Q: 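Mind looking over this structure? Questions follow.
Just so you know, these numbers come straight off a predicted model, no measurement behind them.
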Amino acid sequence: MKYQGTIGVHATVSEDTPVFDVFFAPNMNKSECNSRRFRELQELGEFLESLEVKHEVVTRMLDEVRKGRSASIENIVLSDEVIFDEGLDSTITLNRRIN
């Protein structure tokens, strides 16, 4: 199954080190999502590109994150397999696999 939703990145600082939490929120409801954590912008960019997000969109998102802002990309479609493999499960995708 495929889910359309939003990928979000929230930037914070932990012990003087930037931390970037990435989550995927399916449009189906407001369920909670797991997130992935990265400590380097390059790793974050590589991860987003591995999800087949266009390079120019990734570049824009990284620019926002560099400025210390949260950023999001809407209308992203991810399959069950990608969501599971990348650790981006949400309540809705977990419930679908359990039932």
Q: Who passes side-chain contact (heavy atoms from CB on, under 4.5 Å) against Val57, sequence neighbours left out?
A: Val53, Lys54, Arg60, Ile73
Q: Rounded to the nearest 0.5 Å, what's the gap from CG on Asn75 to CD1 on Ile7? Could you check?
A: 11.0 Å
Q: Could you tell me the separation between the CZ atom of Arg66 and the CZ atom of Phe20, rounded to the nearest 0.5 Å?
A: 9.0 Å
Q: Just wondering, do Tyr3 and Val77 contact through their side chains at under 4.5 Å, heavy atoms?
A: no
Q: What residues form a salt bridge (charged side-chain N to carboxylate O under 4.0 Å, His left out) with Arg39, not counting sequence neighbours?
A: none
Q: Name all residues meeting the side-chain contact (heavy atoms from CB on, under 4.5 Å) criterion together with Phe47; count only those two or more places apart in sequence or in a different chain, and write none if there are none.
A: Val22, Arg36, Phe38, Ser50, Leu51, Glu86, Leu88
Q: Considering residues, nucleotides and ligands other than Glu56, do more than 12 of their heavy atoms fall under 6.0 Å from its CD?
A: yes
Q: Atom CD of Glu64 and atom OG of Ser72: how far apart are they, to the nearest 0.5 Å?
A: 9.5 Å
Q: So, for Val65 and Ala11, which heavy atoms are closest and what is the spacing to 0.1 Å?
A: CG1-CB, 4.0 Å
Q: Please list, chain by chain and in numerical order, all residues satisfying side-chain hydrogen bond (donor to acceptor under 3.5 Å, both in side chains) with Asp85, sequence neighbours excluded.
A: none
Q: Under 4.5 Å between side-chain heavy atoms, counting indirect links through other Ile/Leu/Val/Met/Phe/Trp/Tyr residues: same cluster for Met61 and Val82 or not?
A: yes
Q: Does Leu78 reach the side chain of Lys2, with side-chain heavy atoms less than 4.5 Å apart?
A: no
Q: Who pairs with Glu40 by salt bridge (charged side-chain N to carboxylate O under 4.0 Å, His left out), at least two apart in sequence or on another chain?
A: none
Q: Taking only residues two or more places apart in sequence or in another chain, which ones pass salt bridge (charged side-chain N to carboxylate O under 4.0 Å, His left out) with Arg37?
A: Asp21
Q: Are side-chain heavy atoms of Phe24 and Thr6 found at a separation under 4.5 Å?
A: no
